[in-house]
*Asks:* 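Take this structure, written in C-alpha cells, and hold onto it; I'll ask about it next.
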Amino acid sequence: MTSATNPLTDATTDALITGQSWMLLAVFLVVLFAAAWPLGMWLTRVADGRFPAALSRGARFERGMFRLAGVDPAQGMGWKPYALSLLIFNLIGVLAVYGLQRFQLSLPLNPQGLPGISADWAYNTAISFASNTNWQGYSGEATMSYLTQMLALTVQNFLSAATGIAVVFALIRGMAARSSASLGNAWVDLTRVTLYVLLPLSIVFALFLISQGVVQNLDAYLSVTTLQGGEGATQSIAMGPVASQEAIKMLGTNGGGFFNANSAHPFENPTALTNLLQMLSIFLIPTALCFMFGKLVGDLRQAWAVLAAMT
C-alpha cells in the first residue's frame, strides 16, 4: 500500500530548504568578509613594505636573504624585468619539480619504494603546478613519495600562489601610479608574500587541521586486517604529510592535493568544521586582495564593486 504525497508539505519543505540555504550562504559571506578585511589591510602593508616593530626579526632575516641573493629591495622594476623575473623563477620551479619526480626512487622519504614518475607525467605535473592549475593525472598516495609531496608539490603550491599575488601587486601598483615605470621588485614581492602571508596562515591552518584528525606524519603505510577477516583480508591505509599540503592547497587556491580528491577524502577533510574552514580558506586571500586593491588605489568603492562582481 502506498501513501500519496502531500504537495503542500513538499512545497513547505522545499521553501524551508531554500531558506536555510540562503541563510547559510549569508552567514558564510559575513564570516568571509569579516576575516578578509584585516587580511586585506595586512596585504596592503606587505605590498607597501610597512611592517610593525614586532616583525623586526623577520625584517632582519629578509635583509639577509636579499644580501645572499644579491637583490636590492629598493630597486624597482618595470613590467618587462618584473615579468622576466617571474618567468625565470617559475622555470626553475618547473625543473625542480620535474627532477624530484623523476628521481624519487633514489631519494629519501620514500617508505613505500615508489618508482620514479615517467617523463611525460612528470612534465605535465611540473607545468601544471607552476601555473597554479594543479591538474593531477594520478593517485597521489600511490604515485608520489613523501619527499616529492613536500619538496615538489607543497613547495610549488606556495610559490605559484606567491607568484599570482605578486602579479596582483604589480597590476594594482600600475593602476594606482598610472604608470608602469616601476611596479615594485618581483623578488621582494615573492619573498614577502611567502614569508609574511602564506607561511603564517598555512602553519596556523595546518595545526587546526591536525587537531581535527587530518593525517600528518612520515610513517610507512599501515596494513590492517579488515572486518571481513580471513586470509588475505588486509587493507593498506595511506599515511603521510597531508595537513601541511592541505593548508596551502586551500589558501593558495590550488587543486588536487595529497590524495588528488580536492578535499573530498576523509583523511584531508574529516569533519564539518574542517569543511567549513576549507571553504572559507579558498576564498580568503582572493577576497582580501579586493580590499587591498581599494586601499592602494584610495577608493574602497572600487573594491566593493569588484567584490560584488566576484560574489
*Asks:* Indicate yes or no: does Asp48 engage Lys295 in a salt bridge with an N to O separation below 4.0 Å.
*Replies:*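 No, this pair does not count.
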*Asks:* Mind checking whether Val94 and Leu86 sit in one hydrophobic cluster, side chains of I, L, V, M, F, W, Y counted as touching below 4.5 Å?
*Replies:*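 In one cluster: no.
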*Asks:* With side chain to side chain donor-acceptor pair (under 3.5 Å) as the test, would you mind laying out the steps for Thr274 and Gln212 before giving the verdict?
*Replies:* CA-CA 7 Å; Thr274 60; Gln212 293 294 300; 5.9 Å; no
*Asks:* Within a strict 4.5 Å, meaning less than it, do heavy atoms of the Met144 and Ile117 side chains meet?
*Replies:*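 They are in side-chain contact.
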*Asks:* CZ of Phe103: more than 12 outside heavy atoms within 6.0 angstrom?
*Replies:*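 Atom CZ in Phe103 is not packed in, count stays at 12 or less.
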*Asks:* Run the side-chain contact (heavy atoms from CB on, under 4.5 Å) check on Phe258 and Val215 step by step: do they pass?
*Replies:* CA-CA 10 Å; Phe258 194 95; Val215 177; over 6 Å; no
*Asks:* Can you tell if the side chain of Phe89 reaches within under 4.5 Å of the side chain of Leu159, non-hydrogen atoms only?
*Replies:* yes
*Asks:* Would one find more than 12 heavy atoms of other residues, nucleotides or ligands at under 6.0 Å from atom CZ of Arg301?
*Replies:*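 Not more than 12 within 6.0 Å, no.
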*Asks:* Say whether, by atom type as modelled, one donor and one acceptor occur between the side chain of Asn134 and the main chain of Gly257 under 3.5 angstrom.
*Replies:* no
*Asks:* For the side chain of Gln216 and the backbone of Ala243, is there at least one donor-acceptor N/O pair under 3.5 Å apart?
*Replies:*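 At least one qualifying donor-acceptor pair exists.
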*Asks:* Can you tell me how far OG1 of Thr125 sits from CH2 of Trp121, rounded to the nearest 0.5 angstrom?
*Replies:* 7.0 Å
*Asks:* Linking I/L/V/M/F/W/Y whenever their side-chain heavy atoms sit closer than 4.5 Å, directly or via other members, would Leu87 and Trp187 fall into one cluster?
*Replies:*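 No, separate clusters.
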*Asks:* Do Leu39 and Met310 sit in the same hydrophobic cluster, where Ile, Leu, Val, Met, Phe, Trp and Tyr count as joined when their side-chain heavy atoms come under 4.5 Å apart?
*Replies:*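 Linked, Leu39 and Met310 end up in one cluster.
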*Asks:* Using a 6.0 Å cut-off, check whether atom OH of Tyr123 has over 12 heavy atoms from anything other than its own residue.
*Replies:* no
*Asks:* If we only count heavy atoms from C-beta on, is the Met250 to Leu280 side-chain gap below 4.5 Å?
*Replies:*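 Met250 vs Leu280: side chains apart.
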*Asks:* Is the side chain of Tyr146 donor-acceptor paired with the backbone N or O of Asn217 at a distance under 3.5 Å, no angle test?
*Replies:* no
*Asks:* Test your reading of the model: is there a side-chain donor-acceptor pair from Ser160 to the backbone of Ser131, 3.5 Å cut-off?
*Replies:* no
*Asks:* Between the side chain of Gln101 and the main-chain N/O of Val97, is any donor-acceptor distance below 3.5 Å?
*Replies:* yes
*Asks:* Closest heavy-atom contact between Arg173 and Tyr82?
*Replies:*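 The answer is NH1-OH, 4.3 Å.
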*Asks:* Does Phe169 reach the side chain of Met292, with side-chain heavy atoms less than 4.5 Å apart?
*Replies:* yes
*Asks:* Apply side-chain contact (heavy atoms from CB on, under 4.5 Å) to Leu147 and Asn110, showing your working.
*Replies:* CA-CA 7 Å; Leu147 188 73; Asn110 187 5; over 6 Å; no
*Asks:* Would you call the rings of Phe259 and His265 parallel, tilted or perpendicular, where under 30° means parallel and over 60° means perpendicular?
*Replies:* parallel
*Asks:* Going through the checks in order, is the side chain to side chain donor-acceptor pair (under 3.5 Å) test met by Tyr196 and Glu62?
*Replies:* CA-CA 10 Å; Tyr196 299 123; Glu62 173 190 289; 3.2 Å; yes
*Asks:* Membership question, hydrophobic clusters at under 4.5 Å side-chain separation (ILVMFWY): are Phe283 and Leu24 in the same one?
*Replies:*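 In one cluster: no.
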*Asks:* Under a single-linkage definition using a 4.5 Å side-chain heavy-atom cutoff for Ile, Leu, Val, Met, Phe, Trp and Tyr, are Ile210 and Leu273 assigned to the same hydrophobic cluster?
*Replies:* no
*Asks:* Is Asn254 close to Asn132 at the side-chain level, that is, under 4.5 Å between some pair of heavy atoms?
*Replies:*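 Side chain of Asn132 against side chain of Asn254, heavy atoms only: contact under 4.5 Å found.
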*Asks:* Short question: side chain of Asn185, backbone of Pro73 - any donor-acceptor pair under 3.5 Å?
*Replies:*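 Between the backbone of Pro73 and the side chain of Asn185 there is no qualifying donor-acceptor contact (under 3.5 Å).
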*Asks:* Among side-chain atoms of Gln136 and Ser128, is any donor-acceptor pair under 3.5 angstrom?
*Replies:*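 The answer is no; no qualifying pair exists.
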*Asks:* Using the side-chain contact (heavy atoms from CB on, under 4.5 Å) rule, take Ser263 and Lys249 through it: C-alpha gap first, then chi angles, then the decisive distance, then the call.
*Replies:* CA-CA 9 Å; Ser263 296; Lys249 182 190 85 173; 3.0 Å; yes
*Asks:* Check the orientation of Phe291 and Trp37. Use parallel for under 30°, tilted for 30 to 60°, and perpendicular for over 60°.
*Replies:* perpendicular
*Asks:* Give the C-alpha distance, both sets of side-chain angles, the deciding distance and a yes or no for side-chain contact (heavy atoms from CB on, under 4.5 Å) between Phe129 and Asn157.
*Replies:* CA-CA 7 Å; Phe129 271 75; Asn157 279 345; 3.5 Å; yes
